[in-house]
**Q** 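Handing you a structure now.
No experiment lies behind these values; they were computed from the predicted model shown.
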Amino acid sequence: MQQLADMLNKMDGKSYKSLKSIQGHYDNELLRLSVDYVQGDPFAAPSKLRVFIPLHRTDFHLEQFQSPERRRAFKHFFAKTFHQVTHKTDNPVSGTGKSGMIYIDAPGQEVLDRTAVNISSAGIEFRLSCGLPAKGRSVLGKGAAKLLTEIIPDVAKKTIVTYSREALKQALLLADDQTFIRREIKDRSLISFIADGAVLPRESGISNKPLPEKNVVPFKSPDSYRTTLQLPSGKTLSGMGIPKGISLVIGGGYHGKSTLLHAIERGVYNHEPGDGREFVLSDESAVKIRSEDGRSVTDVNISPFINDLPFGKDTLAFSSEDASGSTSQAANIVEAIEMRTRMLLIDEDTSATNFMIRDARMQKLVKKDKEPITPFIDRVRGLYDTHGISTVLVLGGSGDYFEAADHVIMMDEYEPEDKTAEAKALTKQFATQRVFEADGAFTVTEPRAFSKQRIKKWFDQKEKVESKGRQSIRIGKTNISLSHVEQLVDPSQTEAIARMIKLLAKNNNTPKTMINAIDDLYEQVEENGLDSLGVFTNQHPGDLALPRKYELAAALNRLRP
């Protein structure tokens, strides 16, 4: 480390490109600093560093991170702790462009497998981005020496010395409890569990943090849905267990229907302690479905929902560069089924009305032979009875769904009430005048072929595939919009999807179907770790978080033909 300080001090005032010579490894009595990549100028993408501390220099124990769930929680905890220590540390280093910046890919509320921190029996490693200081395009060597040999090592030391032992213990116990609850959800034939006392609303539309408790009605399960669990941590936890089947969430506007659905859809991920949703857990295969005007659709069999389009347009292998609300929603469902979802989540507010229902009056006026859409109301029951695919549906305006429902939950001033018996009584008192329109059973089609060429044709000379924030990926000069893929929660997941897309395109042994190609890729990631997605760069992969298969498939499905 002293050698690095001497080198940097001698570079003071020299050309910024001279910094390339510091790439390498530098040690002191506690840690090793690795300079993996040095930026070309102070305005370019920042330099990439790693700080490694051997396990025997910490008070960590192997049992703290032996299970995958504990390891994920452990890395989440220390990525966030390092980020917090960085912001509390006085950093006088500044200059042109990104000079003096210290950045770790800090997590949000969801506990994802991410590469910002690595933990093993050898030790803990922090993966950082850093702006090496400059004045114009001249090196500020003394500032660089202070940044690399004093400030960053000091932040790493404080992170492993001053962290809250009790907070880490609670995070790991929570990971054990969440693992147990997910097993119980499967064993008890549930699709979701929402704990009593959970804080479901978020701080704002642009913040995923919980709404302050003074402004919140804590969740409380109706007695008929109350499920009690004895957790490994010793806690007794009760809450609402939603059984498999068709569940309607009804109620007036602004009474908490969509808030409940949003919590359920994010329940595919574990949440950190204090989030309010840490004990809101859902079937990990759940997919949020919505209409998506203008999305690209390629070779999707939407015929269970849409047939006999004007001018004979094919719906057995439907393609469109500008799909309508109904055709996009149909495609979203079929694509989710292709990826083996067991649970659909739908909110009428983000659905195409003509896709969800045709009421009796409309059926009388517009005959079935003039209407190509078989509405979801006539397919939802068959999806569960034939294929075991449950649905949670938020409704405020159509009681015709009561016939198909197994469970009806009404949100009344943010509190859930069981209205199943009343809803079923109403179906007898006010018989529907609708005519059932589904013609035959819902048929799950064969998986579609996967074409590497469809990706490669968009490559530029550098074959760049890169994320642009959470909602977009660029391949060459074409964009894939993921703005309506609502369970994609972190920009680092989008970056991982970009790397995955390139791996799929470059793999000489990619299977012939998309689902097999995705399955094989995830097996490789599970075997080799998320770091293996950094294979196409000369930088450490410290900015990746693992997406689900469903979000990778969503990106591939939205690539324009």
**Q** Does a side chain donor of either R50 or N118 reach within less than 3.5 Å of an acceptor in the other side chain?
**A**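 R50 vs N118: no donor-acceptor pair found between side chains.
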**Q** What's the spacing between D314 CG and D299 CG if we round to 0.5 Å?
**A**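 Here the interatomic distance stands at 9.0 Å.
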**Q** If we check side chain to side chain contact (heavy atoms under 4.5 Å, CB included) with E551, which of these qualifies: V489, L488, T494?
**A**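 The single option meeting the side chain to side chain contact (heavy atoms under 4.5 Å, CB included) with E551 is L488.
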**Q** Looking only at the aromatic ring of each residue, does the gap between the centers of F78 and F74 stay below 6.0 angstrom?
**A**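 They qualify: ring centres under 6.0 Å apart.
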**Q** Does T341 reach the main-chain N or O of I337 with its side chain, forming a donor-acceptor pair under 3.5 Å?
**A**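 Such a contact is absent between T341 side chain and I337 backbone.
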**Q** Is a donor on one side and an acceptor on the other found under 3.5 Å between the side chain of T115 and the backbone of L544?
**A** yes
**Q** For D275, is there an ion pair with R202 - N to carboxylate O distance below 4.0 angstrom?
**A** yes
**Q** Check the pair R114, D490 against salt bridge (charged side-chain N to carboxylate O under 4.0 Å, His left out), reporting the backbone distance first and the verdict last.
**A** CA-CA 10 Å; R114 57 198 317 129; D490 193 298; 3.3 Å; yes
**Q** Quick one: does R448's side chain have a donor or acceptor within less than 3.5 Å of a partner on E338's backbone?
**A** no
**Q** Go through it in stages, so that I can follow the logic: the residues are Q329 and S291, the test is side-chain hydrogen bond (donor to acceptor under 3.5 Å, both in side chains), and I'd like the CA-CA distance, side-chain angles, deciding distance and then a yes or no.
**A** CA-CA 4 Å; Q329 192 160 358; S291 68; 4.5 Å; no
**Q** Can you establish whether the number of heavy atoms outside N516 located under 6.0 Å from its atom CG is more than 12?
**A** yes
**Q** Ignoring hydrogens and angles, tell me if any N or O in the side chain of E278 forms a donor-acceptor pair with the backbone of G276 under 3.5 Å.
**A** yes
**Q** To the closest 0.5 Å, what do you measure between CZ (R266) and CG (N208)?
**A**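 Reported to 0.5 Å precision, the distance equals 5.0 Å.
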**Q** Between S285 and R342 (side chain of the first, backbone of the second, donor and acceptor by atom type, cut-off under 3.5 Å), is there such a pair?
**A** yes
**Q** Can you tell whether the side chains of D519 and R340 come within less than 4.0 Å, N to carboxylate O?
**A** yes
**Q** For the residue pair F355 and F305, categorise the inter-ring angle as parallel (less than 30°), tilted (30 to 60°) or perpendicular (more than 60°).
**A**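 F355 vs F305 ring planes: tilted.
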